[in-house]
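Letters A, B, ... are given to chains in the order of the sequence lines, protein chains preceding strands, and every chain is numbered from 1. What you see below is based on every heavy atom in this structure, not just the backbone, and it leaves out hydrogens, waters and symmetry mates. All of these numbers come straight from a predicted model, not from anything done at the bench.
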2 protein chains.
Amino acid sequence: MLSKKTKYGLKALTYLASLETREPVQIAEIAKHENISQKFLESILLTLRRNGFLGSKKGKGGGYYLIKEPEDILMTAVMRVLEGPIAMVPCVSLNFYEKCADCPDENKCSVNKLMLQVRDSALEVYRSNTLADLIAS
Amino acid sequence: MLSKKTKYGLKALTYLASLETREPVQIAEIAKHENISQKFLESILLTLRRNGFLGSKKGKGGGYYLIKEPEDILMTAVMRVLEGPIAMVPCVSLNFYEKCADCPDENKCSVNKLMLQVRDSALEVYRSNTLADLIAS
DNA sequence: TTAAAATCTATAAAAACTATAGGGTAATAG
DNA sequence: CTATTACCCTATAGTTTTTATAGATTTTAA
């Protein structure tokens with residue numbers, strides 16, 4: 001299951017990208033427009049800022065804004081930041097690899113074999129979608 | 001993340017499929033061979049039986065055994081029983097569809113658009129893999 | 001027929017994760 | 001200086017996952 005964190009984060013990014021302007025947009029406005037719990041969204045936007053997707057401005061007239069062009073924001077990057085590993089199992093993860101404690105040999109593991117394919121196919125999708133691709137009605 | 005339930009279930013099925021015989025195999029043997037908590041495995045095997053993948057025999061000489069040929073067991077079916085929906089979001093699920101409460105229009109939803117592609121690519125993988133495909137070393 | 005070997009059932013507890021809320025701090029514009 | 005708004009920390013309720021406990025039931029073999 002996709003976490004709401006990821007879902008909300010994607011929606012927020014899409015909303016910001018859909019706007020003409022790149023002026024700061026208040027959390028409250030995003031939350032209201034996308035039906036998101038404002039406090040929760042707050043923490044999501046923060047991690048998006050910390051990971052180089054958004055800029056922010058404090059005080060009156062402050063808010064969040066896209067720091068890159070939508071065409072340059074790949075879903076692989078967004079997903080890794082919001083949802084974590086793309087692989088469903090650590091032993092097939094590119095960026096978060098970890099050996100399974102119980103599995104003596106990955107090359108003979110059926111789970112490994114299947115999840116490797118799933119990872120590759122998901123990666124293919126995420127790699128071929130930018131934020132811009134998700135906006136077009 | 002793939003749940004351990006699914007992981008263990010897959011390993012158990014693979015182990016049974018890898019054996020020459022289709023005689024009953026005790027839970028204890030499967031658990032030991034695959035490094036799985038026996039009691040947990042017990043409940044997993046039970047749901048696999050209830051869903052038509054395994055047969056069982058009680059009493060001395062009892063155990064679990066494959067009820068179909070490995071070539072006839074599709075990963076789509078296994079995953080749906082063990083892991084649940086293949087889609088990461090209910091609004092793109094074929095078998096477990098549900099409308100998002102917050103989303104006014106699915107056709108304009110960026111999450112929907114992305115997750116639809118992810119579902120399709122995962123489905124493609126699961127459809128083209130049978131239990132037999134996961135055994136071959 | 002009895003005892004042993006298994007599966008079956010139910011429950012619950014521990015752990016981990018998810019989603020949300022509250023309240024205070026810091027920066028900024030006017 | 002004051003209002004506004006992002007930032008940051010903490011807590012908590014709820015859910016899901018995983019494992020453990022305890023026993024009931026069925027089957028087989030001797």
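To the nearest 0.5 Å, atoms NZ (A:K32) and CD1 (A:I27) are separated by 15.5 Å.
Nearer the 5' end of DNA chain C, as judged by each residue's closest nucleotide, is the contact made by A:L2, out of A:G61 and A:L2. Comparing A:K58 and B:S56 by the nucleotide of DNA chain C whose heavy atom lies nearest to each, the residue mapping closer to the 5' end is B:S56.
Between B:K39 and B:E42 there is a salt bridge, since a side-chain N of the basic residue sits under 4.0 Å from a carboxylate O of the acidic one. Ion pairing between a basic and an acidic side chain is recognised when a charged N comes within 4.0 Å of a carboxylate O; A:K11 and B:D102 show such pairing.
In this model, the phosphate group of D:dC8 is approached by a side-chain N or O of A:R50 to a distance below 4.0 Å at OP1 or OP2. OP1 and OP2 of D:dC8 both lie 4.0 Å or more from every side-chain N or O belonging to A:S43. The phosphate of C:dT18 (OP1 or OP2) has no side-chain N or O of A:Y8 nearer than 4.0 angstrom.
Side-chain atoms of B:Y64 and B:Q26 include no donor-acceptor pair closer than 3.5 Å.
Contact annotation for A:K4: backbone-only contact, meaning every heavy-atom pair under 4.0 Å involves sugar-phosphate atoms and none involves a base. No contact: A:L45 has no heavy atom under 4.0 Å from any strand.
Distances were taken from every side-chain heavy atom of B:Q26 (C-beta onward) to each of C:dG22, C:dT7, D:dA29; the shortest belongs to C:dT7. Each of C:dT9, C:dA21, C:dA29 was ranked by its minimum atom distance to the side chain of A:K57; first place goes to C:dA29.
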